[in-house]
Number of protein chains: 2
Amino acid sequence: MAHGPVPSGDELLKVLSALGNPHRMRIVAALAEGRNYVSALARDIGIGRPLLHMHLQRLEAAGLISGSLELSESGKAMKFYELTPFSYALTPQAVAAAARTLTEEERTLKEEEKKTPVKETST
Amino acid sequence: MAHGPVPSGDELLKVLSALGNPHRMRIVAALAEGRNYVSALARDIGIGRPLLHMHLQRLEAAGLISGSLELSESGKAMKFYELTPFSYALTPQAVAAAARTLTEEERTLKEEEKKTPVKETST
DNA sequence: GACATGTGTCAGATTCCTTTGACAGGTGCG
DNA sequence: CGCACCTGTCAAAGGAATCTGACACATGTC
């Protein structure tokens, strides 16, 4: 969590859009009381597993939570999620600074790629 | 700045979803350099007036900016927008606290209320 | 083997958000 | 009056995000 000073535009955008959802806020709230595994978490919040799975991925992609697959003593595989101690200061200046580093509009980027020979993606 | 300590869930949700958009972040960035009126702002950012209008309303609804209709010396009506000095601390605890005060999907709630006399909860 | 628990993914339906173009005013100026 | 600038709103289209049900797989227990 090294974004105390100035997070990049894309990073902040990802965080904000990830947190700007009631279900995901509740997930964070649930994880704030301790780590938990998917099924129990789904039961706890009251949503389906597939849906929770999607929200968890979104939160993890934003770097707000992290999941680890562990084995219970009984031998069953269980994926535990816990939240990452993040900290963002939301002020006009911070948002403005981040906005200036936005590389958004991938569409525009792709347009550029069509012009520029984009040397394949390491595949 | 009336939300230093603990913003309500709905308020924080509105703020986060408002800021979680590249165009709106850019709008905040543009307004950070000073107040401006709609048409000029649209030209400045590079989007259409109707679209900008919608984003401005979203930001204003979240309490992040404020607009005032003024008259230029020539007599033309121009709507100036300027940003409000907001400040939110984005931490797991803050989000968790806000999430607990979240109003349940008003839509679903209303629907349920109309059908069933609400007999759940209280567990 | 049947059952309950855990994991994950998929396709499809839905709903929400975003975006655009056209429209309807208003004013001042040549 | 016609042009340029300002304001606002509307409906339709497009796309992205959300949500659901069904599926496949693994494990331990009865």
- Message: Quick check on contacts: within residues 33-44 of chain A, what sits under 4.0 Å from DNA chain C by heavy-atom distance?
- Response: A/Tyr37, A/Val38, A/Ser39, A/Arg43

Could you check how far [atom1] of [X] sits from [atom2] of [N], rounded to whole Å?
{"X": "A/Glu70", "N": "C/dT7", "atom1": "CD", "atom2": "C1'", "value": "14 Å"}
{"X": "B/Gln57", "N": "C/dT19", "atom1": "CD", "atom2": "P", "value": "15 Å"}
{"X": "A/Leu56", "N": "D/dC19", "atom1": "CG", "atom2": "P", "value": "13 Å"}
{"X": "A/Arg58", "N": "D/dC19", "atom1": "CZ", "atom2": "P", "value": "11 Å"}
{"X": "A/Leu71", "N": "C/dG6", "atom1": "CG", "atom2": "C1'", "value": "11 Å"}
{"X": "A/Arg26", "N": "D/dC19", "atom1": "CZ", "atom2": "P", "value": "10 Å"}
{"X": "A/Glu73", "N": "C/dG6", "atom1": "CD", "atom2": "P", "value": "14 Å"}
{"X": "A/His53", "N": "D/dT18", "atom1": "NE2", "atom2": "C1'", "value": "16 Å"}

- Under 4.0 Å protein heavy-atom contact, by nucleotide of nucleotides 20-30 of chain C - B base, S sugar-phosphate only: BBB----BS--

- Message: If the threshold is 4.0 Å, N to carboxylate O, is there a salt bridge linking A/Arg35 and A/Glu70?
- Response: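 Yes, this pair counts.
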
- Item | Pairing of A/Arg24 and A/Glu60 as salt bridge, 4.0 angstrom limit |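 Between A/Glu60 and A/Arg24 there is no salt bridge, as every charged N stays at least 4.0 Å from the carboxylate O atoms.
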
- Query: With clusters built from Ile, Leu, Val, Met, Phe, Trp and Tyr whose side-chain heavy atoms come within less than 4.5 Å, directly or transitively, what are the remaining members of the cluster of B/Phe80, listed by chain and number?
  - Reply: B/Tyr37, B/Met78

- Remaining members of hydrophobic cluster (4.5 Å side-chain criterion), B/Met54: none

- Task: Would you please name every residue forming a side-chain contact (heavy atoms from CB on, under 4.5 Å) with B/Leu71, sequence neighbours left out?
- Result: B/Ala77

What's the spacing between [X] [atom1] and [Y] [atom2] if we round to 0.5 Å?
{"X": "A/Asp10", "Y": "A/Thr103", "atom1": "CG", "atom2": "OG1", "result": "3.0 Å"}
{"X": "A/Ser87", "Y": "B/Gln93", "atom1": "OG", "atom2": "CD", "result": "9.0 Å"}
{"X": "B/Ile45", "Y": "B/Ile27", "atom1": "CD1", "atom2": "CD1", "result": "4.5 Å"}

Are any of [X]'s side-chain N or O atoms less than 4.0 Å away from OP1 or OP2 of [N]?
{"X": "B/His55", "N": "C/dC17", "result": "no"}
{"X": "A/Asn21", "N": "D/dT18", "result": "yes"}
{"X": "B/His23", "N": "C/dC17", "result": "no"}

- Task: Using the test ring pair (Phe, Tyr, Trp, His ring centres under 6.0 Å), find all partners of A/His55 that sit at least two apart in sequence or belong to another chain.
- Result: A/His23

